[in-house]
Every structure is written in C-alpha cells, then in structure tokens.
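Residue numbers start from 1 in every chain, and the chains themselves are labelled A, B, ... in the order their sequence lines are given, proteins ahead of strands.
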2 protein chains.
Amino acid sequence: MVEEQDERILAELQKDGRATNQQLAEIVGMSTSACWRRVRALEESGVISGYSALVARERAGFATSAILHVSLERHDVKFVDEFVARVMQRREVLECFATTGDADYHLRVVVRDMDAYNRFLDEFMFRIPGIRHVRTNVILKEIKTGVALPF
Amino acid sequence: MVEEQDERILAELQKDGRATNQQLAEIVGMSTSACWRRVRALEESGVISGYSALVARERAGFATSAILHVSLERHDVKFVDEFVARVMQRREVLECFATTGDADYHLRVVVRDMDAYNRFLDEFMFRIPGIRHVRTNVILKEIKTGVALPF
DNA sequence: TCATGATTTGGTAGATTTTACCGAAATGGA
DNA sequence: TCCATTTCGGTAAAATCTACCAAATCATGA
C-alpha cells in the first residue's frame, strides 16, 4: 500500500510541508510529474490527512500547558460518548488518548496562562458528567514536540 | 508582538499549511503582498517554526503507540542531560515533556507494532542510565491528535 | 495643526511552480 | 508472447510566488 518511495515522500513532507514539488521530486529521485501524482494519491487516499504550520507555543503567547490524567466514574457508552464529544470541541485540548493504566484518558491542554487553565478546569473539565478523577501534571519543559512519524 | 491579524494568519496556516498566499490574503482580508510579508516575518521571527504534512498514523503502518511515565533515580544535570540527549535522537519518541506529578517525564512513543515497542523498551529505554521507573500506558484509541494552538 | 521620517500598504511584472494532458515505457496476467 | 493496465517522463498553459515600486498610513515632536 504505502511503499518505499511513498515513505520517502512522506518523510520529506513531514520535515517540510511546503517543499515544492520540484524539490521533492529531486530529493526522492523521480520526475516532477510522477512525484506530483504520488503526493496527490497520498492526499486523496488519506495517508496525508492535511498540512499544518507549526507554531512556536511560547512565542505565540501560550505560556501554560499540562498533561491531564482523567478517569471516568462509569464506562457506559453514554458517559464515554459525552466525554469524547465535549473534549473534541474544546480547542485547548490538543490531544486526547484513551489509554491502559491508572487513568482512562491522557489529555494535553494548552492555554495562555494559569488563570486560563484554572478556568478550563472549573468551567469545563469539572462539569463533565461521570468524571471520577482528574490529575494535572503541569508541563515544566517541552523537551520534544514532534509530529513526524519515524519512517 | 503577535497581533490580531497575525493570529488570523496563524490560525489559518495551522488549519491549512499549504494554503496559497492568495487564499490566505482573502481570508484574513488584506492584499496579497501585505499578507505575504507578514507570513514571511512570522517565519523569520520563529513564530512559525516550520510546516509539516500530517500523516495518518495507522494508514502509514504505525499500529502501536503508548504514553510512558518515566522517573529518574537522581536528578543531577548529568543524568538529566543524558536522558534528554538520548530521547532527542530516538525518532519513535514523538513527544517528551518534563512534568510535575508522580512521573518526571511523559513520553509519547509511536512504533509499527508491539514487537517494535518491546524492542524500544529493551534496547533503548531500559538502558538509559539513572532510570528509576518506566510505566507504559498503551494508547487504545486516539480521540484527538491536534497540533493547532487555540487562537 | 502640521511637517517629517519611518513604516506599512496595494499594485505590478518577471520568475517560478502547479496542474492536466500527452504518448511512451514498464508491469503483470492469461 | 500478447494485450490490457498502470505508471512513467515531458510539456505547456494557468496559477502562484516573490521582489520591487510609489502611495498611503502612522507616530512623534515642534
């Protein structure tokens, strides 16, 4: 499905999402037209789900972030669906994963300051029905924030 | 520093990192040349740190991922620096955050399968000097994997 | 209020890139 | 081997980027 040469393209487009088709073709060693078609195919098949500018969090004014461990009281679809639906529409929640281990979910939340984080908890998180437990792990330092899959 | 109109640009480029300058200019309501200059300034000032294609993890053949809670035995700069240096160069580690709470670090690791994850632990993680504890939280479901800051 | 220097703006044109199409080459079953 | 299908490289028109210009805007002090 995704083969050798496609992976080269994906690796490069992960590194530079605005590389021109010509640069790309040269790097992966094919003609511009063949390369262009493959990129298009990767987009249309959904392997490439989109493109994004990567914005430096602090420089853009988002000083505070945290990883939340969240557990639900009960795991009926009702509560789970409600939780998922609410989390999906809060833009401060950049990531949310259902996980094994002590917590049911891991969330990464990014806000402008501690005040905003406090509001996030009070006005959003603590009001979700069926929440058993929320533990905040404040992010002291971002060692690494990558998006590129390790081809 | 980063003002109103810049935020509109950033929001849009986060949504579509390959939007043409013309689309962008129209959306944020300025001339193409003014818009182009602002984007360029955002890039050069480092507010935009880069661009990336977003690749669908599963479709690209990475079936397994996990969130690791890692604690160090001791927190001398020596051990910390060594840990950070090693983590930085492992591409399976997409994210690494130093956090408050029970664990010193939260890592998100993406690999092709469980076998690869097992190797990752044995050959890499467990060999880092000064590790006190590693807890694996397997990701059962990706509810949300966003990169866009909530402007 | 006005003058002045600095900054930012919109428009433009040449250079570059994208994108769709072509016939040729490669591929793979029967 | 033959034929159908896919994939290839090349090409040209359309779209876009990018660097320049002069005009408009802004900030400041007289």
Atom CD of A:Glu26 and atom P of D:dG10 are separated, to the nearest Å, by 13 Å
Worksheet entry | Close side-chain approach of A:Phe120 and A:Met125, heavy atoms under 4.5 Å | yes
A:Asp6 CG to D:dT7 C1', in whole Å, measures 13 Å
With a 4.5 Å cut-off on side-chain heavy atoms, are B:Leu42 and B:Ile9 touching?
yes
When rounded to whole Å, the CG to C1' distance for the pair B:Leu24 and D:dA15 reads 16 Å
- Task: Determine, for B:Phe124 and B:Arg86, whether the Lys NZ or Arg CZ falls below 6.0 Å from the six-membered ring centre while staying within 45 degrees of the axis.
- Result: no
Applying salt bridge (charged side-chain N to carboxylate O under 4.0 Å, His left out) to B:Asp16 and not counting sequence neighbours gives none
Q.
Does A:Phe151 form a ring-ring contact (aromatic ring centres under 6.0 Å, His included) with B:Phe62? I'd like the steps, not just the answer.
A. CA-CA 9 Å; A:Phe151 288 109; B:Phe62 294 88; 5.4 Å; yes
Under 3.5 Å, which donor-acceptor pairs do the side chains of residues 131-139 of chain A form with other protein atoms, sequence neighbours left out?
{"from": "A:Arg135", "atom 1": "NH1", "to": "B:Asp102", "atom 2": "OD2", "distance (Å)": "3.2"}
{"from": "A:Thr136", "atom 1": "OG1", "to": "A:Tyr117", "atom 2": "OH", "distance (Å)": "2.7"}
{"from": "A:Asn137", "atom 1": "ND2", "to": "A:Ile67", "atom 2": "O", "distance (Å)": "3.0"}
{"from": "A:Asn137", "atom 1": "ND2", "to": "A:His69", "atom 2": "NE2", "distance (Å)": "3.3"}

So the side chain to side chain donor-acceptor pair (under 3.5 Å) pairs with at least one residue in residues 139-151 of chain A (sequence neighbours excluded) are A:Arg57-A:Glu142
Terminal axes of the helix from C:dT1-D:dA30 to C:dA30-D:dT1 (5 end pairs apiece), angle rounded to 10 degrees, sit apart by 40°
Protein-proximity profile, nucleotides 10-22 of chain C, B/S/- by nucleotide at the 4.0 Å heavy-atom cutoff, equals BB-----SBBSB-
Residue set satisfying salt bridge (charged side-chain N to carboxylate O under 4.0 Å, His left out) with A:Arg18, at least two apart, ordered chain then number -> none
